[in-house]
Amino acid sequence: HATAAFAVATVESSLHPHQAPLWYLGAALISYSRVRLHRHTVGDVLAGAALGAGTARLEMAQPRGLLLSPFITPDGSGMGLQMSRGL
């Protein structure tokens with residue numbers, strides 16, 4: 001939740017700078033709710049927020065964006081996220 005909220009807040013804040021406080025407030029409230037409901041620790045939420053904001057900034061820095069693709073190995077022993085620049 002924090003990752004998605006901060007990714008959206010980062011992109012929208014870049015596109016609409018005058019609304020930045022509202023976007024980040026919303027993302028912070030979503031993140032706070034995850035801790036308050038004992039679904040995540042503060043560290044989980046902070047890491048998610050950093051990941052979301054960082055990925056959004058990286059996305060916006062690329063001329064044609066990024067392509068993010070989750071994957072699972074055929075034998076099911078591994079999984080991950082593949083990232084490549086848009087063509």
Side-chain angles (χ1 to χ4, degrees):
H1 291 91
T3 302
F6 274 91
V8 169
T10 300
V11 171
E12 290 298 330
S13 294
S14 176
L15 298 174
H16 309 284
H18 62 284
Q19 296 176 358
L22 297 174
W23 286 106
Y24 285 112
L25 176 63
L29 289 173
I30 288 168
S31 300
Y32 171 74
S33 75
R34 303 311 294 164
V35 174
R36 177 93 170 124
L37 294 171
H38 303 288
R39 301 288 188 242
H40 296 287
T41 65
V42 172
D44 292 342
V45 168
L46 291 175
L51 180 63
T55 302
R57 288 186 190 279
L58 182 59
E59 157 74 26
M60 294 175 53
Q62 303 302 313
R64 295 190 177 161
L66 295 174
L67 299 173
L68 300 174
S69 307
F71 67 88
I72 299 174
T73 58
D75 65 358
S77 64
M79 62 182 154
L81 185 66
Q82 178 179 347
M83 182 176 5
S84 59
R85 290 190 276 178
L87 301 174

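- Within the structure, side-chain hydrogen bond (donor to acceptor under 3.5 Å, both in side chains) pairs that include any residue of residues 46-58 do not occur (at least two apart or interchain).
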Pairs under 3.5 angstrom only: tabulate donor-acceptor contacts from the side chains of residues 12-21 to other protein residues two or more places apart or in another chain.
| unit_1 | atom_1 | unit_2 | atom_2 | d |
| --- | --- | --- | --- | --- |
| S13 | OG | A9 | O | 2.7 |
| Q19 | OE1 | W23 | NE1 | 3.1 |

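- Counting non-hydrogen atoms of neighbouring residues, nucleotides and ligands closer than 6.0 angstrom, the NE2 atom of H40 exceeds 12 such neighbours.
- Atom CD1 in I30 sits 9.0 Å away from atom CZ in F6 (nearest 0.5 Å).
- Between atom CG of residue D44 and atom OG1 of residue T3 there is a gap of 10.0 Å, rounded to the nearest 0.5 Å.
- In terms of hydrophobic clustering, with Ile, Leu, Val, Met, Phe, Trp and Tyr side chains grouped at heavy-atom distances under 4.5 Å, V45 and L29 are assigned to different clusters.
- Note that the CZ atom of R34 and the CZ atom of R39 stand 6.5 Å from one another [nearest 0.5 Å].
- A distance of 11.5 Å separates OG1 of T10 from CD of E59, quoted to the nearest 0.5 Å.
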Check: residues 65-83 side-chain donor-acceptor pairs under 3.5 Å, at least two apart:
| unit_1 | atom_1 | unit_2 | atom_2 | d |
| --- | --- | --- | --- | --- |
| T73 | OG1 | D75 | OD1 | 2.9 |
| T73 | OG1 | S77 | N | 3.2 |
| T73 | OG1 | G78 | N | 2.9 |
| T73 | OG1 | G78 | O | 3.3 |
| D75 | OD1 | S77 | N | 3.0 |
| D75 | OD1 | S77 | OG | 2.7 |
| D75 | OD2 | S77 | OG | 3.2 |

